[in-house]
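Each remark here refers to the structure printed beneath this line.
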Amino acid sequence: MRVATFNINGIKARAEALTSWLDEASPDVVVLQEIKSVDEGFPRDLFEDRGYTVETHGQKSFNGVAILSKLPLEDVTRGLPGDDADEQARWIEGTVIGDQGAVRVCGLYLPNGNPAPGPKYDYKLGWMERMRARAAELLAMEEPALMAGDYNIIPQAEDAAKPDAWREDALFLLSSRDAYRRILNLGFTEAFRTRHPEPGHYSFWDYQAGAWQRNNGIRIDHILMTPQCADLMTDTGIEKEVRGRDKPSDHVPVWVDLDL
DNA sequence: ATGGCGAGTGTGACTCGA
């Protein structure tokens with residue numbers, strides 16, 4: 001079973017790029033971020049025609065997450081627990097039933113947080129505290145589960161082409177990395193870094209200033225797995241070349257293969 | 001990490017993103 005995450009930066013603008021990638025890569029499960037659409041406006045036919053079950057958690061203009069699954073998808077929940085007043089659509093969960101067992105899949109779009117300091121940065125750190133609570137619950141179940149998405153966190157200097165340029169940015173501030181580390185250190189395994197310890201792998205290149213052409217990227221899309229899930233991992237990768245296609249997202253897909 | 005972009009909203013020029 002292949003599970004991928006992809007921040008598509010707008011489902012309407014990315015219909016062609018996303019469907020052509022799905023047709024070629026054919027992942028079993030994809031979590032999407034920044035669909036930038038209400039649920040009623042999501043072009044679900046595009047994906048149902050390709051055999052995917054579609055579950056969305058959208059809002060007008062911004063944010064919005066979704067799960068596409070070719071395998072049975074059960075017990076879908078929307079929203080990150082812990083703040084009933086939070087109206088930003090950034091979290092969705094579902095249980096995917098594979099041939100050998102099930103995995104709980106959480107799709108997330110973690111707040112950017114800029115400018116820092118400020119209310120947006122406070123929201124980011126508060127959101128990460130709530131995510132840590134949910135992550136602890138997932139670990140306590142002692143079953144295969146993963147949290148995949150756009151974390152808006154550069155975990156270490158080797159995850160940026162120019163780390164010095166990000167020192168004061170909400171994606172790389174020490175307090176941001178601390179908050180990420182507190183979640184990871186509960187007992188999760190980050191899929192990509194376990195298999196690819198060397199620097200120079202990125203999942204985002206800005207549209208501006210020739211960032212793609214200069215390979216001025218950052219690695220901010222991650223898949224964190226519970227121990228029971230990590231035991232099932234057979235491979236993981238980043239689909240870098242997708243960034244060089246027509247009308248691309250500024251992010252590329254990141255995936256993990258599970259023996260399920 | 002800005003000279004340089006792009007999407008959404010909604011038709012002007014703004015907000016938002018990373």
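All heavy atoms count here, side chains included; hydrogens, waters and symmetry mates do not. Chain letters run A, B, ... following the sequence lines, proteins first, then strands; residues in each count from 1.
- A:D250 comes within 4.0 angstrom of nothing in the nucleic acid, heavy atoms only.
- Between the P atom of B:dA7 and the OH atom of A:Y207 lies a distance of 6 Å, rounded to the nearest Å.
- Connection of A:V29 to A:M233 is established within a shared hydrophobic cluster, with ILVMFWY side chains joined at heavy-atom distances below 4.5 Å, either directly or through further cluster members.
- For the C1' atoms, the distance linking B:dA18 with B:dG4 amounts to 16 Å, nearest Å.
- Look at OH on A:Y151: it is 19 Å from P on B:dG17, rounded to the nearest Å.
- Taking atom P in both B:dG8 and B:dG3, one finds a spacing of 27 Å when rounded to whole Å.
- Checking the phosphate oxygens (OP1, OP2) of B:dA7, a side-chain nitrogen or oxygen of A:K247 falls inside 4.0 Å.
- Counting any heavy atom pair closer than 4.0 Å across all strands shown, A:E168 reaches no nucleic acid atom.
- Scanning residues 11-24 of chain A for heavy-atom distances under 4.0 Å to DNA chain B yields A:K12, A:A13, A:R14.
- Annotation: A:E168, atom CD; neighbour count of heavy atoms from other residues, nucleotides and ligands within 6.0 Å does not exceed 12.
- Residue contacts for A:Y109: at a heavy-atom cut-off of 4.0 Å it reaches the sugar-phosphate backbone alone, with no base atom in range.
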Fill in: From CA spacing to verdict: ring pair (Phe, Tyr, Trp, His ring centres under 6.0 Å), A:H222, A:F192
CA-CA 7 Å; A:H222 310 301; A:F192 188 83; 9.2 Å; no
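- The distance between atom CD1 of A:I35 and atom C1' of B:dG17, rounded to the nearest whole Å, is 16 Å.
- Look at A:R193 and A:E190 and you find no salt bridge, because none of the NZ, NE, NH1 or NH2 atoms lies under 4.0 Å from a carboxylate O.
- Under a hydrophobic clustering in which Ile, Leu, Val, Met, Phe, Trp and Tyr are joined whenever their side-chain heavy atoms come within less than 4.5 Å, directly or via other members, A:L184 and A:L173 fall into different clusters.
- Rounded to a whole angstrom, the distance from the P atom of B:dT15 to that of B:dG10 is 14 Å.
- Base contact: A:N112 has a heavy atom under 4.0 Å from a base atom.
- Between B:dT9 and A:K36, no contact under 4.0 Å exists linking OP1 or OP2 to a side-chain N or O.
- Here A:G10 lies in heavy-atom contact (under 4.0 Å) with sugar-phosphate atoms only.
- No contact: A:N63 has no heavy atom under 4.0 Å from any strand.
- In this structure, A:K162 places its NZ atom 10 Å from C1' of B:dT2, rounding to the nearest Å.
- A distance of about 16 Å separates the C1' atoms of B:dG12 and B:dA7, rounded to the whole Å.
- Rounded to an integer number of Å, the gap from CG of A:D169 to C1' of B:dT2 is 13 Å.
- Residue A:N7 is in sugar-phosphate contact alone, with no base atom involved, counting any heavy-atom pair closer than 4.0 Å across all strands shown.
- The closest side-chain donor-acceptor pair between A:K60 and A:S37, if any, does not fall under 3.5 angstrom.
- Counting to the nearest Å, the P atom of B:dG17 and the CG atom of A:D150 are 11 Å from each other.
- Take the nearest nucleotide of DNA chain B for A:H251 and for A:K60: the residue whose nucleotide is more 5' is A:K60.
- The shortest distance between side-chain heavy atoms of A:N7 and A:Y109 falls below 4.5 Å.
- When the salt bridge (Lys or Arg N to Asp or Glu O under 4.0 Å) test is applied to A:E24, the partners found at least two apart in sequence or on another chain are A:R245.
- In this model, the phosphate group of B:dA18 is approached by a side-chain N or O of A:N152 to a distance below 4.0 Å at OP1 or OP2.
- If you take CZ of A:F62 and P of B:dG6, they are 18 Å apart, rounded to a whole angstrom.
- As a whole-Å value, the separation of A:I218 CD1 from B:dA18 C1' is 6 Å.
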